[in-house]
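Convention: sequence-line order gives letters A, B, ...; per-chain numbering from 1.
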Amino acid sequence: MCCILMQTKEKLKKILKLSLDSFARNDIKIENINEKLFKLDINIEIPAQRDYGEFSSNISLVSAKLFKKSPRFIAENIIKYVPDFLGVCDYILKYEIAGNGFINFYMNNKFYSEILCEIDKKKENYGKYEQKNKRVLIEFVSSNPTGPMHIGNARLGALGDCLSGILNFFGYEVLTEFYVNDAGNQIQKFGESLSLRYEQIFDKNVEFIEDGYHGEDIKLLAQEFANIHGDKYIKVKSNEREKVLINYALPRNINKIKSDLERYKIFYDSWFYESELYKNNEISNIIQKLEKNNAIYRENNAIWFKATDFGGEKDEILIRTNGIPTYFAADIAYHVNKFVTRNFDMCINIWGADHHGHVARMQAAMNALGINNKILKIIIVQLVSVFRDGNICKMSKRSGQAETFASFLEEVNTDSARIIFNMQNPGSKMVFNINEAIKNDMSNPVYYVKYAYVRLKNIVNLVDNNKKKENFNNINLDLLNSPEERELIFILGMFPEEIASSSCLLDSTKITKYLINLVSWVHKFYQFKKVRSSEINEKLSNSRLFLCKQTIRIMEIIANILKIDMPEKM
RNA sequence: GCGCCGGUAGCUCAGUAGGAUAGAGCAACUGCCUUCUAAGCAGUAGGUCGGGGGUUCGAAUCCCUUUCGGCGUGCCA
């Protein structure tokens, strides 16, 4: 499926290629011209300013070398032949050469009215593509259940959930997943920490361990446990006590994570427990497979993965000298489970920047296991710090100063957070300005967006109430020819392309930026063009109303993808 | 030391797969509500795109180099 805008680009490209071909054939004799033309990187672009037209091509610039002529000269010669092929596209109003050799195309009214009609026809499916039959697993947040989430998880969550919304809308079969690290070393440490805090309640002289979990949350959990069970477990052997405490605390932490994320509008399709990998021997299975593929060796009683043989930076330990598998070994098994057992075609992991060292070795492990026909995409998200009252508080889990996810949610509205996090590229580190995120003006983009929706909705509702039913027979979309109206329509027409490129690039921020741009034109339109004014005739009024309705449609599609509530009134 | 990411307006950030005069918001200043909600719009001011080379019709964007910052470089996860 395609849209008017993309089709038009293709048609213009065709016209230009045919014209260039004519020029080459008739005016210049070059051998194998078709082959050479084929290699040219001819683009149809949307210029930044509309004075340059709706579309613009670099064809004469990129072919300058081939013809050994100036771009301007080539453009003049190409344009001579364009009339021969105008039948290919009936949206062209005029075309001209700009200063340095760009060929600019200006579109007629039909182009604009057909964009609106296309949206009206496809409705909430506008911008959707045919089902790809591609199963995608997207895993994000997956915070450690040994402690509370922090603000960085809010960024990961917003990016992951919105990306899954985009991919789903685009036509992939998407499954969202939270990977629960409920096994391995850190759970032992968790139990040990809990146990010591529990003992300290009854004996102040008990010393805490250096590499334990120092957070207040551990003390609280131990206290809660003591409130229920008293000193009953003091005399129990320490590893027994640790087990009991883990069984008490871990489900509590996981439930807290789950409920916090639900407040943030994230509802996972799946919660995958690391402990399942142990139960099903999946870790020992992958060790065997790796051994078969000659990808491991033994040293000092530990089992190593020859990561360097498969594109990794250095070799990695899979099974420690003490026989306990590393986190990495479990994670390989987890990925094999995704790709082989569950047979996903693409797996997307959204990881914090502190995990980026993990990327190369995981890719290497996939190579070693022959999982090459599948796609593993890892999106690394830089860390978040909080700006509050003029100060930057750096996020740090160990210092205990971290802004927790829960306290963040208390302050910042979920929709604001989702939009703000999705306005900034994952690759750049982020300073989250709390003071601005809780304000009710343009420093908080969520109000800018919602207000635009309310304004349009208000127009539509008022008209509906006044006339009971609008008469779309008495309509002439050619009347929508002001810069404000045209630009708004043009941006609506760009939506399918935005969705497509967001999906291909796995970029959830693109569509948010698009939304902000769309909304700014909604406000301009609202400012300059009255819809239900007595000063304009009914035909124009109806046409503008039609534009409002299609704009609302696109805004609702995006709101749905991003899970932003759009209010009727503010 | 090595690796990954980043450096764009006073601040926070965009910059459409190399394109035309580098853009928003915040902060500052000036206008616009008896007319569909001013949570808005229009305008002014603000820049050596960290520095230096290179590639070409054309570079914030690609390559090299240098500098500064964040992270990683665990038999931690």
Side-chain angles (χ1 to χ4, degrees), chain A residues 41 43 45-49 51-52 56 58 60-62 64-65 70-72 98-102 104 144 146 181 184-187 189 211 299-304 313-314 316-322 324-328 330-331 352-360 380-383 385 387 394 420 423-433 435-436 439-448 450-452 454-456 458-463 466 494 497-498 501 504-505 509-510 513-514 516-517 520 522-524 526-535 544-545 548 569-570:
Chain A
D41 187 23
N43 270 330
E45 293 163 7
I46 298 171
Q49 293 112 326
D51 336 343
Y52 294 135
S56 171
N58 61 354
S60 49
L61 298 160
V62 295
K65 202 167 204 176
S70 78
R72 179 90 202 179
N100 48 3
F102 280 102
N104 297 334
N144 203 321
T146 53
N181 298 119
N185 230 5
Q186 88 278 9
I187 295 297
K189 279 277 178 298
D211 59 346
E299 199 176 281
N300 302 332
N301 275 331
I303 299 179
W304 291 73
E313 287 161 6
K314 57 181 179 50
E316 307 284 346
I317 292 203
L318 295 172
I319 309 289
R320 301 183 180 92
T321 308
N322 63 13
I324 298 174
T326 59
Y327 168 83
F328 179 48
D331 216 17
D354 51 339
H355 283 65
H356 79 254
H358 202 50
V359 175
I380 294 298
V381 183
Q382 296 298 315
L383 302 179
S385 47
F387 183 89
K394 271 204 188 149
I420 292 169
M423 281 176 67
Q424 190 155 340
N425 294 331
S428 56
K429 64 179 183 231
M430 181 167 194
V431 178
F432 194 100
N433 189 327
N435 300 107
E436 289 194 348
K439 276 200 283 187
N440 293 6
D441 56 35
M442 190 36 202
S443 51
N444 186 353
V446 76
Y447 289 97
Y448 191 61
K450 293 189 179 195
Y451 187 46
V454 167
R455 284 178 137 183
L456 290 178
N458 196 37
I459 292 171
V460 169
N461 289 340
L462 280 169
V463 175
N466 288 353
M494 286 162 70
E497 208 176 9
E498 289 290 328
S501 69
C504 293
L505 299 170
T509 69
K510 243 172 117 59
K513 292 165 194 162
Y514 168 83
I516 300 288
N517 185 32
S520 83
V522 169
H523 285 302
K524 283 184 187 118
Y526 187 92
Q527 195 73 27
F528 293 109
K529 302 295 162 195
K530 299 295 172 204
V531 177
R532 53 179 222 109
S533 163
S534 55
E535 287 166 28
R544 286 183 178 160
L545 184 58
C548 291
K569 292 227 177 303
M570 279 172 81

Base, sugar-phosphate, or nothing for A:His523, non-hydrogen atoms under 4.0 angstrom? sugar-phosphate
Parallel, tilted or perpendicular: ring planes of A:His358 versus A:Tyr327, cut at 30 and 60 degrees: tilted
Which nucleotide, B:A38, B:C4, B:C5, lies nearest any side-chain atom of A:His356? B:C4
A:Asn435 CG to B:G25 C1', in whole Å, measures 15 Å
Counting just side-chain N and O atoms, does A:Lys524 come under 4.0 Å of either OP1 or OP2 of B:A42? yes
Mind checking A:Ala98 for me? I need base, sugar-phosphate or nothing, with any heavy atom below 4.0 Å counting as a touch. base
Among B:A77, B:C57, B:G3, the nucleotide that comes nearest once only the side chain of A:His358 is considered: B:A77
NA contact type, A:Met494, heavy-atom cut-off 4.0 Å: base, sugar-phosphate, or nothing? nothing
B:G15 phosphate, OP1 or OP2, under 4.0 Å from A:Lys513 side-chain N/O: yes
Output the single nucleotide from B:A39, B:G40, B:A20 whose closest atom is nearest the side chain of A:Arg455. B:G40
Minimal non-hydrogen separation, A:Ile380 against A:Gly352, with atom names: CD1-O, 4.3 Å
A:Phe328 CZ to B:C75 C1', straight-line distance once rounded to whole Å: 14 Å
Does a side-chain N or O from A:Asn322 land closer than 4.0 Å to OP1 or OP2 of B:C75, or not? no
If the C1' atom of B:A45 is compared with that of B:C4, how far apart are they to the nearest Å? 39 Å
Using a heavy-atom cut-off of 4.0 Å across all strands, would you classify A:Leu456 as base, sugar-phosphate, or nothing? nothing
Under 4.0 Å from OP1 or OP2 of B:U12: is there any side-chain N or O of A:Ser428 that close? no
Within less than 4.0 Å of OP1 or OP2 of B:C41, is there a side-chain N or O belonging to A:Tyr448? yes
Is it the case that atom CD in A:Glu535 sees more than 12 heavy atoms from other parts of the structure closer than 6.0 Å? no
Counting only N and O atoms by type, is there a donor-acceptor contact under 3.5 Å from the side chain of A:Asn58 to the main-chain atoms of A:Asn43? yes
Report yes if a side-chain nitrogen or oxygen of A:Arg532 is closer than 4.0 Å to either non-bridging phosphate oxygen (OP1 or OP2) of B:U35; otherwise report no. no
When you measure from the side-chain N and O atoms of A:Asn425 to the phosphate of B:A14, is any distance below 4.0 Å, counting only OP1 and OP2? yes
Tell me the interatomic distance from A:Gln527, atom CD, to B:G43, atom P, rounded to whole angstroms. 12 Å
Spacing between A:Asn58 atom CG and B:U16 atom C1', to the nearest angstrom: 14 Å
Using OP1 and OP2 only, check whether a side-chain N or O of A:Tyr327 sits under 4.0 Å from B:A77. no
In the structure shown, which nucleotide is the Watson-Crick or G-U wobble counterpart of B:C4, with both distances under 3.5 Å? B:G70
What is the nucleic acid contact for A:Asn185, judged by heavy atoms within less than 4.0 Å: base, sugar-phosphate only, or nothing? sugar-phosphate
When we call it a touch if two heavy atoms are under 4.0 Å apart, what does A:Ser56 touch: a base, just sugar-phosphate, or nothing? base
Distance-only polar pair, side chains of A:Thr509 and A:Asn425, donor-acceptor under 3.5 Å: yes
5′-ward residue of the pair A:Val62/A:Gln424 relative to RNA chain B: A:Gln424
Would you say B:C76 has OP1 or OP2 under 4.0 Å from some side-chain N or O of A:Arg320? yes
Contact class for A:Glu45 vs. all strands (heavy atom < 4.0 Å): base, sugar-phosphate, or nothing? base
Between B:G47 and B:A39, how far is it from one P atom to the other, in whole Å? 32 Å
